[in-house]
Amino acid sequence: MSYTWPKAAPVFLIAATLTAFSACARPPRPATAPEMPSRRMENLIPLPVSIERHSGTFDIVPGATIFVAPGDERALKVARYLADLISISPESPARVETVTGPVPEGSIHLSTSLTGTASGPESYSLTIAPSGVSLTAPAPAGLFYGVQTIRQLLPSSIEHDAVRPLPLALPAGRVSDSPRFGWRGAMLDVARHFFEVNDVKRYIDLLAMLKMNRLHLHLADDQGWRIEIKSWPNLAEHGGRSAVGGGPGGFYTQEQYADLVAYANDRFITIVPEIDMPGHTNAALSSYPELNCDGAAPPPYTGIEVGFSALCVDKEVTYKFIEDIVREIGGLTTGPYFHIGGDEVKKLTDEQYRGFIDRVQRIVAAHGKEAIGWDEIAPAPLLPTTIVQHWRPEASLDEVIEKKVRVIMSPAHKAYLDMKYHEATPIGLNWAAYIEVRDAYDWEPASLVNDLPEAAMLGIEAPLWSETIATIRDAEYLAFPRMAAVAEIGWTAADRRDWEDFRDRLGAQARRWAALGINFYRSRQVDWQH
Ligand code: TNX
């Protein structure tokens, strides 16, 4: 196969698409709605548990002070993050000060308190009054999500480095909030095309804005190996050099990967590393002949077929290789998870495959991590700590329920961000479905396949496979606005979710997203307020 990879959606193509899809559009609003503080309280995404609007505003003036209790380094970091967001000018940045007693009028107070513990460490309670702002949470994660709420309540001008008209008005009111699921994830495929550290950091920042808390990195596939492994250096040196379409590839040094883990941690996002195996391994097989059953290394692969590669599961060296990788990557990863892939293996017998998964999950467990695998692993013997990631729309979850293991919901026809929005979307695939914004929002993970017990469901995750995307701008075009839909499914209780209401709140994000320079798809299902 030979492909020319589009770099971005050509304007004429988008225009043509918009015309073709105008049947779904609502009439445009007569005038652009002004960005009033009172409106901003109603436009939060994801929708909080409860919102009360009071009269008045709290005005943030130059040199505003944020107070935080001493001794909690993470809470202090959250306060500094907020200070960066609201610093109106470099000459008079917002200040962060520690305080034990009451805070002076006119300031912002961040505090951790055990009172909200029942709602979990990610919950928070935010009170904004003309005399001051109080944000409390049982843990720093909740403070961080409260800060993201404050951010969405502020004018979109705060997202520009230069333009920050004074003062910044926050609408008075009260927000009490906590998430439905503990797993609100996104996956980025850095193997088919490589994304530089700064691109991944930008993706992390955008996830944080939506209160998402997992970034799964698909670090190895047939087309490329993307992380330095010191005990097997050729993986990155040789296996890192290819990409779909013959691009330059690339890989993260261990230092860069650790930096990404830390950057994500500061934003309360856990990195989940994936080394896909036993299939999707051509880059590794091409780097080390001994991993092949016939001892011969195949050439690098730059197409987009799947299922043709497999590690030699009958050779002991294969398990030494896996152990080394799990040890090295696991040691750099602060989170408890290690994703072993396990999808689309056409080269092995069922028995070989199941034996392999069983052995590998034990290696992962021996290194103190919980294994995650795509849903093909469900028939293998599974440890209670192993997690199944549901992705094939037609796959049953019977075994998952029977084995009482946990599941992450990523059904391809709803949650795959690499699916095109419609026929004319210039990038993306369509094997599972066309997924317009409403399709991405209007579904319920607990009842999609079987009636899953809520306790079995860790949450949801939106994968973005990169066969057809080569730049972060392409990634943004497919991820936004659908990522906002995924974030709300993950955060907001099912009975509070409503498409019409979501659509209105989504339209109000346009200014902020434009200020952030997000290359988002302006779906005709939404009235974007510019
Ligand atoms: C299926 S999802 C795959 C990936 C492809 C993707 C494209 C999964 C576990 N395997 O290898 O990139 O479809 O949509």
Side-chain angles (χ1 to χ4, degrees), residues 1-14 17 186-200 202-203 216-228 234-253 256 274-277 279-287 297-310 341 343-344 346 391 412 416-432 434-435 462-480 482 519 521:
M1 274 186 291
S2 88
Y3 290 92
T4 334
W5 301 105
K7 290 276 180 252
V11 173
F12 69 88
L13 205 48
I14 298 174
T17 309
M187 188 215 82
L188 186 61
D189 173 9
V190 297
R192 270 53 177 272
H193 280 100
F194 181 63
F195 294 87
E196 300 288 345
V197 169
N198 282 342
D199 289 340
V200 179
R202 173 166 169 89
Y203 210 63
H216 165 182
L217 289 174
H218 185 75
L219 290 165
D221 211 301
D222 291 318
Q223 299 86 349
W225 185 282
R226 305 300 180 208
I227 182 164
E228 173 192 17
N234 217 32
L235 289 169
E237 264 159 38
H238 170 83
R241 244 182 248 146
S242 44
V244 164
F251 66 89
Y252 308 121
T253 63
Q256 287 174 322
E274 177 187 355
I275 297 296
D276 204 345
M277 57 181 118
H280 290 273
T281 40
N282 190 78
L285 297 168
S286 174
S287 306
Y301 181 70
T302 60
I304 64 166
E305 296 301 326
V306 296
F308 60 89
S309 57
D343 57 318
E344 298 176 317
K346 298 183 188 155
W391 71 278
Y416 268 32
L417 300 176
D418 61 314
M419 291 299 119
K420 291 172 184 262
Y421 292 98
H422 49 72
E423 279 170 34
T425 306
I427 48 177
L429 303 172
N430 65 355
W431 65 264
Y434 293 112
I435 306 179
L464 178 51
W465 301 98
S466 63
E467 285 97 330
T468 69
I469 63 174
T471 65
I472 194 70
R473 279 187 68 74
D474 290 350
E476 288 170 13
Y477 187 74
L478 290 175
F480 284 80
R482 291 182 292 198
N519 179 32
Y521 161 61

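Just so you know, residue 1 is the first one in the sequence shown, and it goes up from there.
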K.L.:
Run the side chain to side chain donor-acceptor pair (under 3.5 Å) test against S466 and tell me which residues pass, sequence neighbours left out.
P.N.:
D189
K.L.:
Only one of L417, I427, V244 passes side-chain contact (heavy atoms from CB on, under 4.5 Å) with I469; say which it is.
P.N.:
I427
K.L.:
Considering all heavy atoms of both residues, which atom of A191 and which atom of A220 are nearest to each other, and what is their separation?
P.N.:
CB-C, 3.9 Å
K.L.:
Does the side chain of I227 come within less than 4.5 Å of L217's, by heavy atoms?
P.N.:
no
K.L.:
Please confirm whether the backbone N or O of I435 pairs with a side-chain atom of R482, one donor and one acceptor, at under 3.5 Å?
P.N.:
yes
K.L.:
Work out which heavy atom in S287 is nearest to a heavy atom in G239; give both atom names and the distance.
P.N.:
OG-N, 3.3 Å
K.L.:
Answer with yes or no after comparing the ring centroid distance for F195 and Y203 against a 6.0 Å cut-off, counting only values under it.
P.N.:
no
K.L.:
The criterion is side chain to side chain donor-acceptor pair (under 3.5 Å); which residues satisfy it with D343, sequence neighbours excluded?
P.N.:
H280
K.L.:
Restricting to non-hydrogen atoms, name the atom on K346 and the atom on V306 that form the minimum distance, rounded to 0.1 Å.
P.N.:
NZ-O, 3.5 Å
K.L.:
Is any side-chain heavy atom of Y521 closer than 4.5 Å to one of L478?
P.N.:
no
K.L.:
Start with the C-alpha distance between L219 and V190, add both sets of side-chain angles, then the distance that settles side-chain contact (heavy atoms from CB on, under 4.5 Å), and finish with yes or no.
P.N.:
CA-CA 6 Å; L219 290 165; V190 297; 4.0 Å; yes
K.L.:
Which pair of non-hydrogen atoms, one from A412 and one from W431, has the smallest distance, and what is that distance?
P.N.:
CB-CH2, 3.5 Å
K.L.:
Within a strict 4.5 Å, meaning less than it, do heavy atoms of the H238 and P300 side chains meet?
P.N.:
yes
K.L.:
Starting at CD1 of I275, measure out to CG of L235 and round the result to the nearest 0.5 Å.
P.N.:
8.5 Å
K.L.:
What's the spacing between D221 CG and E467 CD if we round to 0.5 Å?
P.N.:
7.5 Å
K.L.:
Between the main-chain N or O of R473 and the side-chain N or O of N519, is there a donor-acceptor pair closer than 3.5 Å?
P.N.:
yes
K.L.:
Do L429 and T468 have side chains that approach each other closer than 4.5 Å (heavy atoms only, starting at C-beta)?
P.N.:
yes
K.L.:
How long is the gap from CG on N234 to CH2 on W225, to the nearest 0.5 Å?
P.N.:
11.5 Å
K.L.:
Determine whether a donor-acceptor pair (N or O, by modelled atom type, separation under 3.5 Å) exists between the side chain of N282 and the backbone of P299.
P.N.:
yes
K.L.:
Are T425 and Y477 side-chain neighbours, meaning at least one heavy-atom pair lies under 4.5 Å?
P.N.:
yes
K.L.:
Anything under 30° is parallel, anything over 60° is perpendicular, the rest tilted; go ahead and classify W465 against Y416.
P.N.:
tilted
K.L.:
Between Q223 (side chain only) and G303 (backbone N and O only), is there a donor and an acceptor less than 3.5 Å apart?
P.N.:
yes
K.L.:
Using ring pair (Phe, Tyr, Trp, His ring centres under 6.0 Å) as the criterion, list what pairs up with F251, not counting sequence neighbours.
P.N.:
none
K.L.:
For the OG atom of S309 and the CG atom of D222, what is their distance to the nearest 0.5 Å?
P.N.:
3.5 Å
K.L.:
Indicate yes or no for a side-chain donor-acceptor contact from T253 to the backbone of Q256 under 3.5 Å, with no hydrogens or angles considered.
P.N.:
yes
K.L.:
Ignoring hydrogens and geometry, is there a side-chain-to-backbone donor-acceptor pair from R241 to P248 under 3.5 Å?
P.N.:
no
K.L.:
So how far is it from H218 NE2 to L464 CG, rounded to the nearest 0.5 Å?
P.N.:
11.5 Å
K.L.:
From Y252 OH over to E228 CD, what is the distance, rounded to the nearest 0.5 angstrom?
P.N.:
14.0 Å
